[in-house]
2 protein chains.
Amino acid sequence: MKSAATAQQAEEPAETGAQQIRDAIRTAIVERRLSPGTKLSESDVGNLFNVSRTLARAALQALSYEGLVNVEKNRGAFVAYPSPEEARQIFSARRLVEPGLLREAAARITPDDIKDLRELLLEEGRLMSERGQTARRAEIKASGDFHLMLAVISGNAIMQRFMEELVARSSLVIALYGQSTASSCGHSEHGEIISAIESNELDRACQLMLHHIAHIEADLDLRERKSLGLKEAFEL
Amino acid sequence: MKSAATAQQAEEPAETGAQQIRDAIRTAIVERRLSPGTKLSESDVGNLFNVSRTLARAALQALSYEGLVNVEKNRGAFVAYPSPEEARQIFSARRLVEPGLLREAAARITPDDIKDLRELLLEEGRLMSERGQTARRAEIKASGDFHLMLAVISGNAIMQRFMEELVARSSLVIALYGQSTASSCGHSEHGEIISAIESNELDRACQLMLHHIAHIEADLDLRERKSLGLKEAFEL
DNA sequence: GCCGGTTGAATTGTATACAATTTTTTATAA
DNA sequence: TTATAAAAAATTGTATACAATTCAACCGGC
(Lines give C-alpha, C1' and ligand atoms only; values in the text may rest on other atoms or scores of the structure.)
Protein backbone atom coordinates (compact mmCIF):
# COMPACT_ATOMS: atom_id res chain seq x y z
CA MET A 1 0.00 0.00 0.00
CA LYS A 2 1.21 3.41 -0.87
CA SER A 3 2.11 5.88 1.80
CA ALA A 4 -0.38 8.60 2.55
CA ALA A 5 2.40 11.11 2.34
CA THR A 6 2.60 10.95 -1.42
CA ALA A 7 3.29 14.38 -2.78
CA GLN A 8 0.42 16.16 -4.47
CA GLN A 9 2.14 18.44 -6.85
CA ALA A 10 4.67 17.08 -9.24
CA GLU A 11 8.21 17.40 -7.98
CA GLU A 12 11.53 16.37 -9.35
CA PRO A 13 11.21 12.63 -9.60
CA ALA A 14 14.83 11.74 -9.09
CA GLU A 15 15.73 12.08 -5.47
CA THR A 16 19.28 13.18 -5.01
CA GLY A 17 21.30 10.74 -2.93
CA ALA A 18 21.01 12.68 0.29
CA GLN A 19 17.23 12.59 0.11
CA GLN A 20 17.12 8.83 -0.17
CA ILE A 21 19.34 8.53 2.88
CA ARG A 22 17.23 11.06 4.74
CA ASP A 23 14.08 9.11 3.96
CA ALA A 24 15.65 5.82 5.00
CA ILE A 25 16.79 7.20 8.33
CA ARG A 26 13.50 8.96 8.92
CA THR A 27 11.60 5.75 8.38
CA ALA A 28 13.93 3.97 10.76
CA ILE A 29 13.32 6.61 13.41
CA VAL A 30 9.57 6.69 12.98
CA GLU A 31 9.37 2.91 13.04
CA ARG A 32 11.49 3.01 16.18
CA ARG A 33 14.33 0.93 14.90
CA LEU A 34 16.52 3.84 15.96
CA SER A 35 15.98 4.89 19.55
CA PRO A 36 15.99 8.47 20.75
CA GLY A 37 19.45 9.60 21.71
CA THR A 38 21.24 7.22 19.37
CA LYS A 39 24.30 8.82 17.89
CA LEU A 40 24.37 9.06 14.14
CA SER A 41 27.96 9.70 13.16
CA GLU A 42 28.53 10.99 9.68
CA SER A 43 31.08 8.34 8.84
CA ASP A 44 28.85 5.53 10.03
CA VAL A 45 25.88 6.80 8.07
CA GLY A 46 28.07 7.29 5.02
CA ASN A 47 29.52 3.80 5.23
CA LEU A 48 26.12 2.26 5.79
CA PHE A 49 24.76 3.75 2.59
CA ASN A 50 28.04 3.63 0.68
CA VAL A 51 28.29 7.33 0.12
CA SER A 52 30.68 10.00 1.23
CA ARG A 53 30.41 11.89 4.46
CA THR A 54 29.17 14.86 2.43
CA LEU A 55 25.89 13.18 1.61
CA ALA A 56 25.53 11.66 5.03
CA ARG A 57 25.96 15.07 6.55
CA ALA A 58 23.39 16.61 4.24
CA ALA A 59 20.88 13.94 5.16
CA LEU A 60 21.43 14.51 8.86
CA GLN A 61 21.05 18.25 8.42
CA ALA A 62 17.78 17.69 6.62
CA LEU A 63 16.50 15.54 9.45
CA SER A 64 17.45 18.18 11.96
CA TYR A 65 15.19 20.64 10.14
CA GLU A 66 12.37 18.19 10.68
CA GLY A 67 13.10 17.91 14.37
CA LEU A 68 13.89 14.21 14.19
CA VAL A 69 17.60 14.67 14.75
CA ASN A 70 19.55 17.07 16.90
CA VAL A 71 22.90 18.12 15.60
CA GLU A 72 25.11 19.62 18.24
CA LYS A 73 27.97 21.74 17.07
CA ASN A 74 31.23 19.86 17.00
CA ARG A 75 29.56 16.90 18.71
CA GLY A 76 27.51 15.27 16.06
CA ALA A 77 23.97 14.20 15.28
CA PHE A 78 21.68 12.26 17.57
CA VAL A 79 18.21 10.88 17.15
CA ALA A 80 16.06 13.50 18.83
CA TYR A 81 15.24 12.95 22.47
CA PRO A 82 12.28 15.26 22.99
CA SER A 83 11.92 16.65 26.47
CA PRO A 84 8.56 16.39 28.22
CA GLU A 85 8.07 20.05 27.46
CA GLU A 86 8.73 19.49 23.77
CA ALA A 87 6.33 16.56 23.86
CA ARG A 88 3.63 18.77 25.30
CA GLN A 89 4.25 21.35 22.60
CA ILE A 90 3.99 18.76 19.86
CA PHE A 91 0.61 17.61 21.05
CA SER A 92 -0.49 21.14 21.73
CA ALA A 93 0.34 21.93 18.13
CA ARG A 94 -1.66 18.94 16.96
CA ARG A 95 -4.69 19.97 19.00
CA LEU A 96 -4.35 23.39 17.49
CA VAL A 97 -4.04 22.24 13.92
CA GLU A 98 -5.91 19.01 13.40
CA PRO A 99 -9.49 20.14 14.01
CA GLY A 100 -9.11 22.88 11.44
CA LEU A 101 -7.44 20.49 9.08
CA LEU A 102 -10.27 18.06 9.54
CA ARG A 103 -12.78 20.76 8.64
CA GLU A 104 -10.94 21.59 5.46
CA ALA A 105 -10.65 17.95 4.58
CA ALA A 106 -14.35 17.41 5.17
CA ALA A 107 -15.15 20.24 2.81
CA ARG A 108 -13.31 18.55 -0.04
CA ILE A 109 -13.64 14.89 0.75
CA THR A 110 -14.83 12.56 -1.98
CA PRO A 111 -16.36 9.09 -1.70
CA ASP A 112 -13.08 7.70 -2.96
CA ASP A 113 -11.25 9.41 -0.13
CA ILE A 114 -13.59 7.85 2.38
CA LYS A 115 -12.98 4.49 0.82
CA ASP A 116 -9.24 5.00 1.15
CA LEU A 117 -9.60 6.03 4.77
CA ARG A 118 -11.69 2.97 5.56
CA GLU A 119 -9.17 0.74 3.85
CA LEU A 120 -6.41 2.26 5.91
CA LEU A 121 -8.49 1.61 9.00
CA LEU A 122 -8.99 -2.00 8.01
CA GLU A 123 -5.30 -2.46 7.45
CA GLU A 124 -4.64 -0.90 10.81
CA GLY A 125 -7.00 -3.31 12.50
CA ARG A 126 -5.48 -6.25 10.73
CA LEU A 127 -2.00 -5.27 11.86
CA MET A 128 -3.24 -4.84 15.41
CA SER A 129 -4.22 -8.46 15.60
CA GLU A 130 -0.92 -9.66 14.25
CA ARG A 131 2.09 -10.43 16.39
CA GLY A 132 5.69 -9.55 15.86
CA GLN A 133 7.85 -6.49 15.46
CA THR A 134 7.21 -6.10 11.78
CA ALA A 135 3.49 -5.90 12.32
CA ARG A 136 3.97 -3.51 15.22
CA ARG A 137 6.07 -1.18 13.08
CA ALA A 138 3.60 -1.27 10.25
CA GLU A 139 0.86 -0.55 12.75
CA ILE A 140 2.65 2.50 14.08
CA LYS A 141 2.98 3.77 10.55
CA ALA A 142 -0.62 3.07 9.64
CA SER A 143 -1.84 4.84 12.75
CA GLY A 144 0.04 7.95 11.76
CA ASP A 145 -1.02 7.66 8.16
CA PHE A 146 -4.62 8.15 9.17
CA HIS A 147 -3.89 11.66 10.40
CA LEU A 148 -1.64 12.31 7.44
CA MET A 149 -4.29 11.27 4.99
CA LEU A 150 -6.67 13.86 6.36
CA ALA A 151 -3.98 16.44 5.68
CA VAL A 152 -3.61 15.15 2.15
CA ILE A 153 -7.34 15.34 1.58
CA SER A 154 -7.37 18.91 2.84
CA GLY A 155 -5.36 19.73 -0.27
CA ASN A 156 -2.97 22.05 1.52
CA ALA A 157 0.57 20.93 0.84
CA ILE A 158 2.02 23.22 3.48
CA MET A 159 -0.18 21.88 6.22
CA GLN A 160 0.54 18.42 4.95
CA ARG A 161 4.26 18.86 5.41
CA PHE A 162 3.71 20.29 8.86
CA MET A 163 1.55 17.34 9.84
CA GLU A 164 4.19 14.97 8.58
CA GLU A 165 6.63 16.61 10.92
CA LEU A 166 4.21 16.51 13.84
CA VAL A 167 3.26 12.87 13.30
CA ALA A 168 6.87 11.80 12.98
CA ARG A 169 7.85 13.63 16.13
CA SER A 170 4.84 12.20 17.92
CA SER A 171 6.14 8.76 17.15
CA LEU A 172 9.39 9.68 18.88
CA VAL A 173 7.52 11.00 21.89
CA ILE A 174 5.42 7.86 22.19
CA ALA A 175 8.53 5.74 21.92
CA LEU A 176 10.02 7.66 24.81
CA TYR A 177 7.12 8.28 27.13
CA GLY A 178 4.40 5.88 26.01
CA GLN A 179 3.16 3.54 28.71
CA SER A 180 0.62 1.16 27.27
CA THR A 181 2.40 -1.18 24.92
CA ALA A 182 -0.61 -1.02 22.65
CA SER A 183 0.05 2.26 20.93
CA SER A 184 -3.18 1.77 19.12
CA CYS A 185 -5.52 2.24 22.00
CA GLY A 186 -7.24 4.83 19.92
CA HIS A 187 -7.81 2.72 16.86
CA SER A 188 -11.57 2.67 17.20
CA GLU A 189 -11.56 6.44 17.50
CA HIS A 190 -10.25 6.73 13.98
CA GLY A 191 -13.32 4.90 12.78
CA GLU A 192 -15.65 7.14 14.75
CA ILE A 193 -14.05 10.20 13.25
CA ILE A 194 -14.57 8.91 9.73
CA SER A 195 -18.18 8.13 10.50
CA ALA A 196 -18.76 11.57 11.90
CA ILE A 197 -17.28 13.14 8.78
CA GLU A 198 -19.33 10.88 6.58
CA SER A 199 -22.56 11.87 8.26
CA ASN A 200 -21.54 15.50 8.12
CA GLU A 201 -21.37 16.00 11.87
CA LEU A 202 -18.38 18.29 11.67
CA ASP A 203 -18.44 19.67 15.17
CA ARG A 204 -18.64 16.18 16.56
CA ALA A 205 -15.80 15.01 14.32
CA CYS A 206 -13.63 17.82 15.67
CA GLN A 207 -14.53 16.92 19.23
CA LEU A 208 -13.66 13.32 18.55
CA MET A 209 -10.35 14.38 17.06
CA LEU A 210 -9.52 16.47 20.10
CA HIS A 211 -10.41 13.61 22.41
CA HIS A 212 -8.39 11.23 20.32
CA ILE A 213 -5.30 13.39 20.57
CA ALA A 214 -5.93 13.85 24.28
CA HIS A 215 -6.10 10.08 24.68
CA ILE A 216 -2.80 9.56 22.99
CA GLU A 217 -1.26 12.20 25.19
CA ALA A 218 -2.89 10.76 28.30
CA ASP A 219 -1.05 7.52 27.69
CA LEU A 220 2.24 9.32 28.13
CA ASP A 221 4.16 9.69 31.35
CA LEU A 222 5.58 13.15 30.97
CA ARG A 223 6.86 13.62 34.49
CA GLU A 224 10.26 15.19 34.51
CA ARG A 225 12.75 12.48 35.08
CA LYS A 226 15.78 14.44 36.11
CA SER A 227 18.74 12.62 34.80
CA LEU A 228 19.49 11.33 38.30
CA GLY A 229 22.42 9.36 37.05
CA LEU A 230 23.79 10.30 40.43
CA LYS A 231 23.80 8.63 43.79
CA GLU A 232 20.09 9.39 44.09
CA ALA A 233 19.50 6.52 41.76
CA PHE A 234 20.84 4.20 44.45
CA GLU A 235 19.63 5.92 47.60
CA LEU A 236 16.77 4.03 49.10
CA MET B 1 14.93 46.68 18.70
CA LYS B 2 15.25 42.97 19.10
CA SER B 3 13.56 40.63 16.70
CA ALA B 4 10.43 38.94 17.89
CA ALA B 5 11.83 35.69 16.70
CA THR B 6 14.26 35.36 19.58
CA ALA B 7 14.53 31.74 20.57
CA GLN B 8 12.87 30.76 23.80
CA GLN B 9 14.92 27.83 24.89
CA ALA B 10 18.65 28.11 25.11
CA GLU B 11 20.35 26.88 21.99
CA GLU B 12 23.92 26.65 20.92
CA PRO B 13 25.03 30.25 20.91
CA ALA B 14 27.66 30.03 18.21
CA GLU B 15 26.03 29.83 14.83
CA THR B 16 27.96 27.72 12.45
CA GLY B 17 28.93 29.57 9.31
CA ALA B 18 26.19 28.16 7.16
CA GLN B 19 23.54 29.41 9.58
CA GLN B 20 24.81 32.96 9.43
CA ILE B 21 24.67 32.87 5.67
CA ARG B 22 21.22 31.34 5.75
CA ASP B 23 19.99 34.08 8.06
CA ALA B 24 21.53 36.79 5.94
CA ILE B 25 19.93 35.50 2.77
CA ARG B 26 16.61 34.93 4.49
CA THR B 27 16.55 38.49 5.72
CA ALA B 28 17.38 39.71 2.24
CA ILE B 29 14.50 37.71 0.82
CA VAL B 30 12.00 38.76 3.43
CA GLU B 31 12.99 42.39 3.09
CA ARG B 32 12.61 41.97 -0.66
CA ARG B 33 16.12 42.90 -1.61
CA LEU B 34 16.17 39.59 -3.43
CA SER B 35 13.27 39.14 -5.83
CA PRO B 36 11.42 35.89 -6.38
CA GLY B 37 13.04 33.87 -9.12
CA THR B 38 16.51 35.28 -8.62
CA LYS B 39 19.15 32.66 -9.15
CA LEU B 40 21.40 32.01 -6.18
CA SER B 41 24.40 30.18 -7.52
CA GLU B 42 26.52 28.41 -4.99
CA SER B 43 29.73 30.03 -6.16
CA ASP B 44 28.25 33.52 -6.04
CA VAL B 45 26.88 33.03 -2.56
CA GLY B 46 30.17 31.56 -1.45
CA ASN B 47 32.18 34.42 -2.86
CA LEU B 48 29.83 36.98 -1.41
CA PHE B 49 30.32 35.67 2.10
CA ASN B 50 33.90 34.56 1.60
CA VAL B 51 33.28 30.92 2.29
CA SER B 52 33.52 27.77 0.28
CA ARG B 53 30.79 26.43 -1.89
CA THR B 54 30.18 23.78 0.78
CA LEU B 55 28.79 26.31 3.23
CA ALA B 56 26.92 28.22 0.58
CA ARG B 57 25.26 25.04 -0.51
CA ALA B 58 24.32 24.12 3.06
CA ALA B 59 22.74 27.54 3.55
CA LEU B 60 20.73 27.20 0.35
CA GLN B 61 19.57 23.75 1.35
CA ALA B 62 18.41 25.11 4.68
CA LEU B 63 16.44 27.84 2.97
CA SER B 64 14.80 25.32 0.72
CA TYR B 65 13.45 23.51 3.77
CA GLU B 66 11.84 26.79 4.80
CA GLY B 67 10.23 27.21 1.43
CA LEU B 68 12.09 30.44 0.68
CA VAL B 69 14.32 28.89 -1.95
CA ASN B 70 13.70 26.25 -4.57
CA VAL B 71 16.61 24.07 -5.46
CA GLU B 72 16.19 22.26 -8.72
CA LYS B 73 18.32 19.24 -9.34
CA ASN B 74 21.36 20.02 -11.44
CA ARG B 75 20.04 23.49 -12.10
CA GLY B 76 20.60 25.37 -8.90
CA ALA B 77 18.81 27.42 -6.28
CA PHE B 78 16.34 30.22 -6.92
CA VAL B 79 14.49 32.55 -4.64
CA ALA B 80 11.08 30.93 -4.36
CA TYR B 81 8.45 32.09 -6.80
CA PRO B 82 5.25 30.89 -5.15
CA SER B 83 2.43 30.07 -7.51
CA PRO B 84 -1.00 31.55 -6.88
CA GLU B 85 -2.04 28.17 -5.58
CA GLU B 86 0.86 28.10 -3.14
CA ALA B 87 -0.04 31.61 -2.08
CA ARG B 88 -3.58 30.53 -1.33
CA GLN B 89 -2.30 27.61 0.70
CA ILE B 90 -0.01 29.84 2.72
CA PHE B 91 -2.85 32.11 3.72
CA SER B 92 -5.17 29.20 4.24
CA ALA B 93 -2.62 27.81 6.66
CA ARG B 94 -2.45 31.13 8.45
CA ARG B 95 -6.20 31.31 8.81
CA LEU B 96 -6.13 27.80 10.17
CA VAL B 97 -3.37 28.41 12.67
CA GLU B 98 -3.41 31.99 13.84
CA PRO B 99 -6.75 32.10 15.66
CA GLY B 100 -5.76 29.12 17.76
CA LEU B 101 -2.36 30.59 18.35
CA LEU B 102 -3.95 33.83 19.43
CA ARG B 103 -6.10 31.96 21.96
CA GLU B 104 -3.06 30.25 23.43
CA ALA B 105 -1.19 33.51 23.56
CA ALA B 106 -4.09 35.25 25.27
CA ALA B 107 -4.12 32.56 27.92
CA ARG B 108 -0.52 33.25 28.89
CA ILE B 109 -0.11 36.89 28.06
CA THR B 110 1.41 39.18 30.67
CA PRO B 111 1.20 42.96 31.00
CA ASP B 112 4.81 43.11 29.85
CA ASP B 113 3.90 41.24 26.70
CA ILE B 114 1.14 43.71 25.99
CA LYS B 115 3.58 46.52 26.48
CA ASP B 116 5.96 44.92 24.00
CA LEU B 117 3.17 44.47 21.49
CA ARG B 118 2.13 48.08 21.79
CA GLU B 119 5.70 49.21 21.37
CA LEU B 120 5.99 47.14 18.24
CA LEU B 121 2.80 48.74 17.01
CA LEU B 122 4.15 52.20 17.68
CA GLU B 123 7.33 51.40 15.84
CA GLU B 124 5.30 50.09 12.96
CA GLY B 125 3.29 53.29 12.80
CA ARG B 126 6.39 55.39 12.96
CA LEU B 127 7.95 53.52 10.06
CA MET B 128 4.76 53.86 8.06
CA SER B 129 5.04 57.62 8.11
CA GLU B 130 8.66 57.58 7.03
CA ARG B 131 9.80 57.60 3.44
CA GLY B 132 12.49 55.59 1.76
CA GLN B 133 13.35 51.99 1.10
CA THR B 134 14.99 51.41 4.43
CA ALA B 135 11.87 52.43 6.28
CA ARG B 136 9.73 50.36 3.96
CA ARG B 137 11.83 47.27 4.63
CA ALA B 138 11.78 47.82 8.35
CA GLU B 139 8.03 48.27 8.14
CA ILE B 140 7.59 44.98 6.34
CA LYS B 141 9.58 43.29 9.03
CA ALA B 142 7.69 44.97 11.87
CA SER B 143 4.37 44.02 10.35
CA GLY B 144 5.39 40.38 10.34
CA ASP B 145 6.89 40.60 13.78
CA PHE B 146 3.49 41.36 15.22
CA HIS B 147 2.19 37.97 14.18
CA LEU B 148 5.42 36.34 15.23
CA MET B 149 5.29 37.88 18.67
CA LEU B 150 1.92 36.32 19.30
CA ALA B 151 3.49 32.97 18.48
CA VAL B 152 6.32 33.68 20.90
CA ILE B 153 3.86 34.59 23.62
CA SER B 154 1.97 31.37 23.04
CA GLY B 155 5.05 29.63 24.36
CA ASN B 156 4.99 26.89 21.76
CA ALA B 157 8.36 26.78 20.03
CA ILE B 158 7.10 24.46 17.31
CA MET B 159 4.23 26.70 16.34
CA GLN B 160 6.61 29.62 16.52
CA ARG B 161 8.91 28.08 13.95
CA PHE B 162 5.98 27.28 11.72
CA MET B 163 4.71 30.84 11.95
CA GLU B 164 8.17 32.12 11.08
CA GLU B 165 8.00 30.08 7.93
CA LEU B 166 4.51 31.26 7.09
CA VAL B 167 5.28 34.91 7.69
CA ALA B 168 8.43 34.77 5.64
CA ARG B 169 6.67 33.08 2.76
CA SER B 170 3.83 35.56 3.02
CA SER B 171 6.32 38.32 2.45
CA LEU B 172 7.35 36.62 -0.77
CA VAL B 173 3.76 36.28 -1.87
CA ILE B 174 3.01 39.92 -1.18
CA ALA B 175 6.12 40.93 -3.08
CA LEU B 176 4.84 38.96 -6.05
CA TYR B 177 1.13 39.55 -6.05
CA GLY B 178 0.56 42.54 -3.80
CA GLN B 179 -1.24 45.44 -5.43
CA SER B 180 -1.49 48.31 -2.98
CA THR B 181 1.95 49.71 -2.48
CA ALA B 182 1.10 50.25 1.14
CA SER B 183 1.65 46.77 2.44
CA SER B 184 0.53 48.01 5.81
CA CYS B 185 -3.09 48.63 4.99
CA GLY B 186 -3.89 46.50 7.96
CA HIS B 187 -1.82 48.34 10.50
CA SER B 188 -4.75 49.59 12.51
CA GLU B 189 -6.10 46.07 12.68
CA HIS B 190 -3.11 45.00 14.69
CA GLY B 191 -4.06 47.55 17.29
CA GLU B 192 -7.64 46.39 17.40
CA ILE B 193 -6.52 42.84 17.95
CA ILE B 194 -4.38 43.83 20.88
CA SER B 195 -7.22 45.79 22.39
CA ALA B 196 -9.57 42.85 22.00
CA ILE B 197 -7.08 40.58 23.74
CA GLU B 198 -6.55 43.11 26.47
CA SER B 199 -10.24 43.37 27.21
CA ASN B 200 -10.52 39.60 27.10
CA GLU B 201 -12.82 39.50 24.09
CA LEU B 202 -11.25 36.38 22.70
CA ASP B 203 -13.85 35.48 20.13
CA ARG B 204 -13.76 38.98 18.78
CA ALA B 205 -9.96 38.96 18.69
CA CYS B 206 -10.06 35.79 16.62
CA GLN B 207 -12.59 37.29 14.27
CA LEU B 208 -10.42 40.36 13.86
CA MET B 209 -7.43 38.17 13.15
CA LEU B 210 -9.33 36.27 10.48
CA HIS B 211 -10.48 39.48 8.88
CA HIS B 212 -6.99 40.88 9.04
CA ILE B 213 -5.57 37.89 7.21
CA ALA B 214 -8.40 38.06 4.72
CA HIS B 215 -7.61 41.72 4.10
CA ILE B 216 -3.99 40.98 3.38
CA GLU B 217 -5.04 38.26 0.99
CA ALA B 218 -7.66 40.46 -0.62
CA ASP B 219 -4.93 42.88 -1.63
CA LEU B 220 -3.37 40.18 -3.77
CA ASP B 221 -4.01 39.58 -7.43
CA LEU B 222 -3.83 35.83 -7.60
CA ARG B 223 -5.16 35.36 -11.10
CA GLU B 224 -3.21 32.79 -13.01
CA ARG B 225 -0.86 34.56 -15.30
CA LYS B 226 0.07 31.80 -17.66
CA SER B 227 3.60 32.33 -18.72
CA LEU B 228 2.41 33.17 -22.23
CA GLY B 229 5.91 34.05 -23.28
CA LEU B 230 4.69 32.84 -26.66
CA LYS B 231 3.11 34.52 -29.60
CA GLU B 232 -0.08 34.93 -27.58
CA ALA B 233 1.62 37.77 -25.82
CA PHE B 234 1.63 39.67 -29.11
CA GLU B 235 -1.58 38.51 -30.65
CA LEU B 236 -4.17 41.24 -30.51
C1' DG C 1 42.06 5.61 45.16
C1' DC C 2 40.97 10.08 43.24
C1' DC C 3 41.91 14.28 40.70
C1' DG C 4 43.80 17.30 37.08
C1' DG C 5 46.40 17.66 33.06
C1' DT C 6 48.41 15.76 28.73
C1' DT C 7 48.57 13.12 24.67
C1' DG C 8 46.51 10.57 20.87
C1' DA C 9 42.53 8.90 18.40
C1' DA C 10 38.22 9.83 16.62
C1' DT C 11 34.81 13.07 14.90
C1' DT C 12 33.15 17.18 13.06
C1' DG C 13 33.87 21.80 10.25
C1' DT C 14 35.43 23.57 6.01
C1' DA C 15 37.88 23.77 1.70
C1' DT C 16 39.27 21.87 -2.47
C1' DA C 17 39.23 18.57 -6.37
C1' DC C 18 37.07 15.90 -9.71
C1' DA C 19 32.82 13.98 -12.18
C1' DA C 20 28.34 14.73 -14.19
C1' DT C 21 25.00 17.82 -16.01
C1' DT C 22 23.30 21.88 -17.91
C1' DT C 23 23.81 26.16 -20.35
C1' DT C 24 25.99 28.98 -23.65
C1' DT C 25 28.62 29.65 -27.54
C1' DT C 26 30.08 28.62 -31.99
C1' DA C 27 30.01 26.48 -36.30
C1' DT C 28 27.74 24.65 -40.15
C1' DA C 29 24.07 23.73 -43.37
C1' DA C 30 19.58 24.57 -45.23
C1' DT D 1 18.61 34.52 -41.52
C1' DT D 2 17.14 30.46 -39.10
C1' DA D 3 17.76 26.03 -37.37
C1' DT D 4 20.43 22.35 -35.82
C1' DA D 5 24.59 20.22 -33.94
C1' DA D 6 28.87 20.16 -31.82
C1' DA D 7 32.08 22.07 -28.66
C1' DA D 8 33.23 24.93 -24.77
C1' DA D 9 32.13 27.03 -20.49
C1' DA D 10 29.86 27.29 -16.40
C1' DT D 11 27.36 25.08 -12.64
C1' DT D 12 25.97 21.50 -9.71
C1' DG D 13 26.76 16.62 -7.50
C1' DT D 14 29.89 14.00 -4.90
C1' DA D 15 34.24 12.55 -2.94
C1' DT D 16 38.38 13.44 -0.70
C1' DA D 17 41.76 16.15 2.07
C1' DC D 18 43.02 18.98 5.73
C1' DA D 19 42.01 21.87 10.02
C1' DA D 20 39.71 22.34 14.39
C1' DT D 21 37.42 20.38 18.14
C1' DT D 22 35.97 16.87 21.18
C1' DC D 23 36.52 12.53 23.49
C1' DA D 24 39.14 8.86 25.85
C1' DA D 25 42.98 6.83 27.60
C1' DC D 26 46.89 7.47 30.14
C1' DC D 27 49.88 9.30 33.70
C1' DG D 28 51.96 11.62 37.52
C1' DG D 29 50.75 13.98 41.88
C1' DC D 30 48.19 14.30 46.06
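Quick note on labels: first sequence line is chain A, next is B, and so on, each numbered from 1.
Considering only residues two or more places apart in sequence or on other chains, B:E31 meets the salt bridge (Lys or Arg N to Asp or Glu O under 4.0 Å) condition with B:R33. A:T54 pairs by the side chain to side chain contact (heavy atoms under 4.5 Å, CB included) definition with A:S52, not counting sequence neighbours. B:Y65 meets the ring pair (Phe, Tyr, Trp, His ring centres under 6.0 Å) test with A:Y65; sequence neighbours excluded. Residues satisfying the salt bridge (Lys or Arg N to Asp or Glu O under 4.0 Å) criterion with B:D221, sequence neighbours excluded, are B:R223, B:R225. Checked against salt bridge (Lys or Arg N to Asp or Glu O under 4.0 Å), A:R169 has the following partners two or more places apart in sequence or in another chain: A:E86, A:E165. Residues passing the side chain to side chain contact (heavy atoms under 4.5 Å, CB included) test with B:L176 are B:P36, B:Y81, B:P82, sequence neighbours excluded. Evaluation of the salt bridge (Lys or Arg N to Asp or Glu O under 4.0 Å) rule for B:E42 yields B:R53, B:R57 as partners, not counting sequence neighbours. Applying the side chain to side chain contact (heavy atoms under 4.5 Å, CB included) criterion to B:A105, with sequence neighbours excluded, gives B:L150, B:I153, B:S154.
Under the ring pair (Phe, Tyr, Trp, His ring centres under 6.0 Å) criterion, no residue pair touches residues 32-59 of chain A, with sequence neighbours excluded.
Listed by residue number, the members of residues 46-61 of chain B with any heavy atom below 4.0 angstrom from DNA chain D are B:R53, B:R57. Heavy-atom distances under 4.0 Å link DNA chain C to no residue of residues 35-45 of chain B.
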**Report entry** Audit row: B:H147, B:R94, side-chain contact (heavy atoms from CB on, under 4.5 Å) steps and yes/no
**Finding:** CA-CA 10 Å; B:H147 295 261; B:R94 291 187 62 166; 3.2 Å; yes
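For DNA chain D, the outermost nucleotides in 5' to 3' order that have an atom under 4.0 Å from a heavy atom of chain B are D:dT11 to D:dT14.
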